[in-house]
Amino acid sequence: MDLKRIHKFKHFWSGHYLERIPGPLLKEIGCLYESEVLNDKGTKILNVYNNQLKMIKEAGYIHGVSSVVTEGYAESISERVKEGIPVELIVPPHIAEKLEQSPYLEKIDELKDYENFKLMVIDEDIKAGLIVTDKRLSLSLYKKDGVEYDITTELFSLDPKGIEWGERLFGYCKGKAEFTKMQI
């Protein structure tokens, strides 16, 4: 691991659960050097969330790994799929179960026949939120205890090396996931 390069974000890394990031990718964490940490602070209480929604809105494609789900994300993703944007999402079983319930069930039902939408289930709790697009990377992690998802902080990058790192993490998860057509 490139300790000099990760020192830039030592508070981000030391305050979050890193155990689910694969070893080879953890060793390449220096690829995220040209990133920035975004926080929800003061009057910018939805800074992270709004940044992620903006990423989705401006994306030419979306690769996502999610261990949480919100109606806002579901609506944004649904809109982009209907616009023809390729979207591949990977979720753990507990999120797949939530997607089979209202209000997400309706969104999934609307998307099931779109060829540009792929939903995959990974049989492990990935403890991360990853959005990779053709333009940006967003990485959110669980807090150090590994129990609570940190919705207030993300590592954000426009740098091609950071985006490539995110694609490798997505590819790792995709290699362990199974494509699903949700049974509705």
Requested in this report: Determine whether Ile62 and Val121 fall in the same hydrophobic cluster, where Ile, Leu, Val, Met, Phe, Trp and Tyr are linked whenever their side-chain heavy atoms lie under 4.5 Å apart.
Outcome: yes
Query raised in the report: Hey, quick one: are Tyr142 and Leu139 part of the same hydrophobic cluster, counting side-chain heavy atoms closer than 4.5 Å, chains of contacts allowed?
Result: no
**Report entry** Nearest heavy-atom neighbours spanning Gly166 and Leu130
**Finding:** O-CD2, 3.5 Å
Query raised in the report: If you measure from NZ on Lys82 to OH on Tyr114, what distance do you get to the nearest 0.5 Å?
Result: 5.5 Å
Query - Atom pair CD1/CE of Ile90 and Met120 - distance to nearest 0.5 Å - result: 4.5 Å
Query raised in the report: Any donor and acceptor pair, going by atom type alone, linking the side chain of Asn39 with main-chain N or O of Thr153 inside 3.5 Å?
Result: no
Requested in this report: Quick one: do Thr70 and Glu75 satisfy side chain to side chain contact (heavy atoms under 4.5 Å, CB included)? Show the steps, please.
Outcome: CA-CA 9 Å; Thr70 70; Glu75 185 63 39; over 6 Å; no
Requested in this report: Using the rule that two of Ile, Leu, Val, Met, Phe, Trp, Tyr join whenever any of their side-chain heavy atoms come within less than 4.5 Å, decide whether Leu155 and Val68 are in one cluster.
Outcome: no
Report task. Please check if Ile131 and Tyr149 belong to a single hydrophobic cluster, counting links between Ile, Leu, Val, Met, Phe, Trp and Tyr side chain heavy atoms closer than 4.5 Å. Result -> no
Report task. Report yes if the side chains of Val91 and Val69 come closer than 4.5 Å at any heavy-atom pair, otherwise no. Result -> no
Report task. First locate atom CH2 of Trp165, then atom CD1 of Ile29, and finally report the distance between them rounded to the nearest 0.5 Å. Result -> 4.5 Å
Report task. Answer yes or no: is there a side-chain heavy-atom contact under 4.5 Å between Asp150 and Tyr17? Result -> no
Query raised in the report: Is the shortest heavy-atom distance from the side chain of Ile126 to the side chain of Arg20 under 4.5 Å?
Result: no
Requested in this report: Taking all heavy atoms of Ala59 and all of Thr133, pick out the closest pair and write down the distance.
Outcome: CB-CG2, 3.5 Å
Query raised in the report: Closest heavy-atom contact between Pro86 and Gly60?
Result: CD-O, 3.4 Å
Query raised in the report: Side-chain contact, heavy-atom cut-off 4.5 Å: Leu119 with Leu99?
Result: yes
Query raised in the report: When the ring planes of Tyr61 and His63 are compared, do they come out parallel, tilted or perpendicular, using 30° and 60° as the limits?
Result: tilted
Report all side-chain donor-acceptor pairs from residues 48-55 shorter than 3.5 Å, counting only partners two or more places apart or in another chain.
unit_1: Asn50; atom_1: ND2; unit_2: Leu46; atom_2: O; d: 3.2
unit_1: Asn51; atom_1: ND2; unit_2: Glu154; atom_2: OE2; d: 2.6
unit_1: Gln52; atom_1: OE1; unit_2: Tyr73; atom_2: OH; d: 2.0
unit_1: Gln52; atom_1: NE2; unit_2: Ser138; atom_2: OG; d: 3.2
unit_1: Gln52; atom_1: NE2; unit_2: Ser140; atom_2: OG; d: 3.3
unit_1: Gln52; atom_1: NE2; unit_2: Glu154; atom_2: OE1; d: 3.2

Requested in this report: Using a strict cut-off of less than 4.0 Å between a Lys/Arg side-chain nitrogen and an Asp/Glu carboxylate oxygen, indicate whether Arg80 and Glu83 qualify as a salt bridge.
Outcome: yes
**Report entry** Nearest atoms (heavy-atom pairs only) where Pro93 meets Asp123
**Finding:** CG-OD1, 3.8 Å
Query raised in the report: Side-chain contact, heavy-atom cut-off 4.5 Å: Leu169 with Val65?
Result: no
Query raised in the report: Between Glu88 and Lys174, is there a salt bridge with N-O shorter than 4.0 Å?
Result: yes
Query - Exceeds 12 heavy-atom contacts within 6.0 angstrom, atom CG of Leu18 - result: yes
Query raised in the report: Checking Lys127 side chain against Gly146 main chain: does a donor-acceptor pair fall under 3.5 Å?
Result: yes
Query raised in the report: If you count the non-hydrogen atoms of other residues, nucleotides and ligands that lie under 6.0 Å from NZ in Lys98, is the total more than 12?
Result: no
Report task. Check whether any side-chain heavy atom of Ile163 lies under 4.5 Å from a side-chain heavy atom of Val132, and answer yes or no. Result -> yes
Report summary line: Here the gap from Asp134 atom CG to Glu167 atom CD, rounded to the nearest 0.5 Å, amounts to 9.5 Å
Report task. Provide the closest heavy-atom pair for Glu71 versus Tyr104 in the form atom of the first, atom of the second, distance. Result -> N-OH, 3.5 Å
Query - From Phe12 atom CZ to Leu141 atom CG, the distance as rounded to the nearest 0.5 Å - result: 4.5 Å
**Report entry** Nearest-0.5 Å distance, CG of residue Leu158 to CD of residue Glu36
**Finding:** 7.5 Å
Query raised in the report: Does a side-chain heavy-atom distance below 4.5 Å link Asn47 with Thr152?
Result: no
Requested in this report: Can you see which heavy atom on Ser35 is nearest to which on Phe9, and at what distance?
Outcome: O-CZ, 3.1 Å
Report task. Mark yes or no for whether Ser76, through its side chain, and Gly72, through its backbone, hold a donor-acceptor pair below 3.5 Å. Result -> yes
Query raised in the report: Does the side chain of Asp125 reach to within under 4.5 Å of the side chain of Ser67, using non-hydrogen atoms?
Result: yes
Query raised in the report: Sub-3.5 Å donor-acceptor pair from the side chain of Lys135 to the main-chain atoms of Glu58, do we have one?
Result: yes
